[in-house]
Amino acid sequence: MQKLAIFGGTFDPVHWGHLLVAETALHQVPVEQVIWVPSLHPPHKQAAVFGHRLEMLKRATNDNPAFTVSLVEVNRSGKSYAINTLIDLSACYPNTHWYWIVGLDTFRTLPHWYRGHELAQMCDWLIAPRLVGGETIAQSELICKQVAQQLGEHCYTIRWQFLHIPLVGVSSSLIRKSICDRQSIRYLVPESVRSYITIHKLYSDKSE
Ligand code: ATP
């Protein structure tokens, strides 16, 4: 049975933090491929045009043969729900053991996702540490255990492990803000992404 990992996100824009997380998943588990799934209509976010986000993602990932960008979200109408992504991808890739890559900030909201309890046990969770609330690593582990316990109360079990990456403080919102404030984003995103943003004048309008 092959092992594949899904990495869902808004990728608005994709940055080095995302790439490091995906590369670590490839080698740590290891998985054969990371399937990047940009959300078409993220449930809780407003995002740049899908075509731009997709193009930047393709440019950032095309030098790694183990990275695939999936258009599974494009073929579906309505909000982008993770469980539908996993169901659709399972039909495309039968005989697969699935992993889901997620940052700690996103993972802690899993019990509130649409059919999150069901999804939780359909794959293994690869959690990237991320100190958005100023937590220590020990506290991060506690948060994961609490999520697992919350799901356990509903008789759902969950398999998870931390990805061994150094903490990376880069976020898409930081990049959008930096551009808006006319600060450099060099070394925060791949050069191919930076030049795409420059050519298409993305994120420079303060009213966006
Ligand atoms: P924003 O700042 O707009 O909220 P983001 O940087 O969190 O965006 P997303 O595309 O929303 O980017 O994230 C996709 C996934 O990658 C999420 O699970 C998120 O937690 C994770 N992630 C993003 N950046 C990092 C990072 N620096 N370290 C660990 N995980 C990350």
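Each ligand, and each atom within it, is numbered from 1 in the order the structure gives. Throughout, residue positions are numbered sequentially from 1 according to the sequence presented.
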Nearest non-hydrogen contact to atom 3 (O) of ligand 1 from the set His18, Lys177, Arg176 belongs to Arg176

One finds that the ligand 1 atoms under 4.0 Å from a non-hydrogen atom of Gly8 are 14 (C), 15 (C)

Practice item. For Gly169 and ligand 1, answer yes if some heavy atom of the residue is under 4.0 Å from a ligand atom, otherwise no. Key: no

Quick note on ligand 1: atoms under 4.0 Å from a heavy atom of Ser171 include exactly 2 (O), 6 (O)

Salt bridge (Lys or Arg N to Asp or Glu O under 4.0 Å) filter on Lys177, not counting sequence neighbours, yields Asp181

Is it the case that the side chain of Ser171 and the backbone of Leu174 share a donor-acceptor pair, with hydrogens and angles ignored and the cut-off at 3.5 Å? yes

On a heavy-atom basis, the closest approach of Ala60 and Ser192 is N-OG, 4.2 Å

Ligand 1 atoms nearer than 4.0 angstrom to some heavy atom of Asp105 are 19 (C), 20 (O)

*What is the ring orientation for His18 with Phe7, classed by angle as parallel under 30°, tilted 30 to 60°, or perpendicular over 60°?*
perpendicular

Here the pair of heavy atoms bringing Thr24 nearest to His164 is CG2-O, 3.7 Å

Near Ser173 (heavy-atom distance under 4.0 Å), the atoms of ligand 1 are 1 (P), 2 (O), 3 (O)

| Between Tyr114 and Tyr81, how do the two ring planes meet: parallel, tilted or perpendicular, split at 30° and 60°? | tilted

**Request:** May I ask whether Phe7 has any heavy atom positioned less than 4.0 angstrom from an atom of ligand 1?
**Result:** yes

Using distance alone, decide if ligand 1 has a nitrogen or oxygen within less than 3.5 Å of any nitrogen or oxygen in Ala128.
-> no

Of Leu174, Val168, Ile101, the residue with the heavy atom nearest atom 27 (N) of ligand 1 is Val168

The answer for which part of Val170 has a heavy atom under 4.0 Å from ligand 1 is backbone

- Query: Are any of the N/O atoms in Phe11 less than 3.5 Å from those in ligand 1?
  - Reply: yes

Taking every heavy atom of Trp98 against every heavy atom of Ser90, the minimum-distance pair comes out as NE1-OG, 3.4 Å

For Gly9, the atoms of ligand 1 under 4.0 Å from one of its heavy atoms are 10 (O), 14 (C)

Hits for side chain to side chain donor-acceptor pair (under 3.5 Å) against Tyr196, two or more places apart or cross-chain, chain-then-number order -> His52

Counting from 1 in the order shown, the ligand 1 atoms closer than 4.0 Å to a non-hydrogen atom of Pro129 are 29 (C)

Next on the checklist: Please evaluate residues Thr85 and Trp100 with respect to the criterion side chain to side chain contact (heavy atoms under 4.5 Å, CB included), reporting the C-alpha separation (whole Å), side-chain torsions for both, the decisive distance (0.1 Å), and the verdict.
Outcome noted: CA-CA 11 Å; Thr85 299; Trp100 197 292; 4.3 Å; yes

Within 4.0 Å of some non-hydrogen atom of Val102, the atoms of ligand 1 are 18 (O)

